[in-house]
Amino acid sequence: MSLLEKYEPVIGLEVHAQLSTKSKLFCGDSTQFGAAPNTQVSPITLGHPGTLPKTNKKAVEYAIKMGLACHCEIERDNYFARKNYFYPDLPKGYQISQHTTPICKGGYVTIHTSSGRKDVQLNRIHMEEDAGKSIHDLNEHNTCIDLNRAGTPLIEIVTEPDMHSAEEAWHYVTEIRKLVQWLGICDGNMEEGSLRCDANISVRLRGTTTLGTKVEVKNLNSIRNVKKAIEFEIDRIIQLLEKGDVVKQQTRSFDASNDTTFAIRDKEEANDYRYFPDPDLSPFHLTDVFIADIKQQLPELPAELQGRLMSSYGLNEYDASQLCDDLSTAHYFEAVAKHTKQYKAIANWILGPIRQYLNEQQKELTAFPLSPSSLSALIELVQTGKVSFSVASSRLLPALLEKEVDPLQLATDMNLIMVNDGNMLEKWIDEAIAAMPDKVSEYKKGKKGLIGLFVGEVKKKSKGQADPKIVTALLEQKLNQ
Ligand code: ADP
Ligand code: MG
């Protein structure tokens with residue numbers, strides 16, 4: 001029996017997403033990333049005596065959006081609590097968070113893995129403020145503190161211990177990242193720390209139901225690292241169990257230079273944070289109307305949109321799901337579909353040459369310069385046999401991206417309209433056959449694969465303008481005579 005047949009990994013993830021509001025959770029300080037250190041820090045962020053925090057309504061709306069998208073129950077009566085602890089990057093000495101009543105409860109996030117669909121169960125989504133940043137590598141002898149981030153609104157999305165492999169966790173974080181971007185509530189940028197993940201991992205004997213002792217790997221800043229850290233921990237814990245050692249409940253950190261983790265502290269007992277309701281912030285009640293309003297503003301969610309692309313445009317599941325990778329790609333598809341009914345061709349263009357161009361340029365589709373009507377005109381050129389797909393994608397598309405003009409006019413100006421005039425084609429075909437008598441007799445003896453060679457020759461003679469489909473048919477006719 002392999003070790004993975006004997007043991008079952010159990011994983012629960014806590015994902016912090018920085019909400020992309022302009023200002024902080026409890027004051028007007030900017031949340032802009034990358035400003036000079038300590039320039040976005042008012043006395044309210046510092047919690048100075050006499051200052052009064054005030055809840056950012058937009059942040060509450062964003063949290064509710066995520067909750068609705070994840071099928072959570074929305075808590076109507078909310079309050080913020082102080083979580084008291086000392087840390088240099090926590091200027092107030094407490095973090096404002098939600099304690100016993102998270103704004104969103106339960107719910108699930110659907111993922112698709114190699115073993116099929118799964119609804120990962122959520123425990124809660126709560127709101128809290130971010131801390132500042134301690135910077136250890138700027139100065140040899142000192143740690144520097146940047147408090148710009150202190151007070152930035154976060155939601156923390158907490159799953160049940162419901163995942164059982166690094167692959168599931170990888171899909172889950174990928175889906176969360178897509179969802180927050182889709183909803184426009186977080187930029188999902190893991191490198192800048194807008195999305196951070198803590199992974200809780202334990203291992204138990206398969207068939208048992210009690211949870212094993214967990215370790216928590218903190219602050220994973222890429223989806224790859226989430227997967228690598230979990231793989232490493234599963235392996236490490238199984239080795240311990242096999243040796244009969246005890247697994248210590250620990251907080252660990254990931255070292256991306258060698259894909260391992262190391263202990264930062266043992267968690268012997270729960271910390272006492274002395275939570276109490278923040279006396280400076282009034283509790284807030286959410287009305288049905290307020291929640292219904294937010295529900296109305298929600299964009300069509302990825303799963304719904306994917307279903308609609310399949311039913312309305314006849315796309316297959318793969319194409320539809322790829323187009324739903326982000327909202328702007330799906331919207332672009334629909335914009336082009338208003339101009340042409342060649343739906344499959346639109347998908348092929350977006351997922352083929354356009355995606356390649358965007359990858360090369362490291363751009364998002366929102367920055368793609370070609371208008372939907374021009375793309376549809378280009379597709380029609382191919383569909384009506386005026387230019388081949390390869391010429392359209394390798395020559396016309398780059399030219400159109402330089403300067404958008406009428407695609408048909410451009411193809412004419414560039415001499416790229418395919419020749420399907422029989423006389424011209426026949427002349428090139430005869431020349432090609434005459435030039436290669438040996439190959440002709442080999443073909444006639446049965447080496448039918450040589451047809452490609454003749455077609456290639458004709459293409460060359462025509463400078464790419466001969467329609468390969470017609471050329472092939474004509475060549476076969478002649479050679480089989
Ligand atoms: P803590 O108080 O240590 O933060 P929580 O009970 O709040 O722990 O859970 C935090 C995360 O850890 C949740 O995502 C939860 O699903 C997960 N978790 C809890 N216990 C285990 C376990 N034994 N194995 C794996 N994950 C766990
Ligand atoms: Mg935790």
Side-chain angles (χ1 to χ4, degrees), residues 4 7-17 66-67 70 72 75 81 83-85 87 95 97-109 111 118-128 130-131 154-177 179 195-220 223 226-227 229-238 240-241 245-254 261 263-275:
L4 272 178
Y7 295 106
E8 178 182 50
V10 178
I11 299 149
L13 297 181
E14 298 163 277
V15 174
H16 287 92
M66 188 62 176
C70 297
C72 303
E75 174 65 51
K83 178 179 179 179
N84 297 282
Y85 64 97
Y87 205 73
Q95 178 196 27
S97 180
Q98 292 190 300
H99 181 37
T100 49
T101 53
I103 189 160
C104 312
K105 279 188 271 189
Y108 61 89
V109 172
I111 57 170
K118 170 171 177 151
D119 293 339
V120 176
Q121 300 301 311
L122 297 186
N123 173 283
R124 65 178 188 271
I125 301 174
H126 68 257
M127 305 180 68
E128 59 187 32
D130 211 342
L154 299 175
I155 49 172
E156 181 174 345
I157 307 148
V158 184
T159 74
E160 293 293 344
D162 191 31
M163 284 169 274
H164 301 287
S165 67
E167 189 208 351
E168 284 188 351
W170 187 92
H171 282 284
Y172 171 79
V173 183
T174 304
E175 196 56 35
I176 290 287
R177 180 162 181 267
L179 210 48
L195 205 65
R196 311 190 288 270
C197 178
D198 301 338
N200 298 270
I201 303 130
S202 64
V203 171
R204 64 185 170 200
L205 282 174
R206 242 174 237 286
T208 59
T209 50
T210 43
L211 291 169
T213 306
K214 69 163 179 156
V215 294
E216 179 171 5
V217 187
K218 283 280 194 196
N219 273 324
L220 295 161
I223 301 182
V226 171
K227 182 161 176 278
I230 293 173
E231 280 168 355
F232 180 82
E233 276 309 306
I234 291 174
D235 204 47
R236 189 185 67 84
I237 298 172
I238 289 180
L240 287 176
L241 294 174
D245 286 352
V246 279
V247 180
K248 276 196 232 158
Q249 187 174 339
Q250 277 175 334
T251 304
R252 300 179 70 90
S253 190
F254 182 67
T261 70
I264 41 181
R265 57 180 177 268
D266 286 358
K267 237 188 189 176
E268 262 118 28
E269 62 211 48
N271 292 319
D272 182 359
Y273 292 112
R274 311 223 163 194
Y275 281 98

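This is a predicted model, so every value here is computed, not measured. Read the numbers this way: they start at 1 and go in the same order the structure lists the ligands and their atoms.
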Query raised in the report: Considering Arg204, Glu156, Lys214, Glu216, which one's heavy-atom position lies nearest to atom 9 (O) of ligand 1?
Result: Lys214

Which ligand 1 atoms does [X] reach within 4.0 Å, using its non-hydrogen atoms?
X	result
Gly212	23 (N)
Thr159	13 (C), 14 (O), 15 (C), 16 (O)
Pro161	16 (O), 26 (N), 27 (C)

**Report entry** For Asp119, side-chain hydrogen bond (donor to acceptor under 3.5 Å, both in side chains) partners two or more places apart
**Finding:** Thr110, Arg117

Report summary line: By side-chain hydrogen bond (donor to acceptor under 3.5 Å, both in side chains), Glu175 pairs with (sequence neighbours left out) none

Requested in this report: Check whether any side-chain heavy atom of Thr210 sits under 4.5 Å from a side-chain heavy atom of Arg204, and report yes or no.
Outcome: no

Query raised in the report: Does the side chain of Pro9 come within less than 4.5 Å of Leu4's, by heavy atoms?
Result: yes

Does only the side chain of [X] get under 4.0 Å from ligand 1, or the backbone, or both, or neither? Count heavy atoms.
X	value
Glu160	backbone
Val158	side chain
Leu13	backbone

Query raised in the report: Does Ser202 reach ligand 1 with a nitrogen or oxygen that is under 3.5 Å from one of the ligand's nitrogen or oxygen atoms?
Result: yes

Query raised in the report: Ion pair present between Arg274 and Asp272, side-chain N to carboxylate O less than 4.0 angstrom?
Result: yes

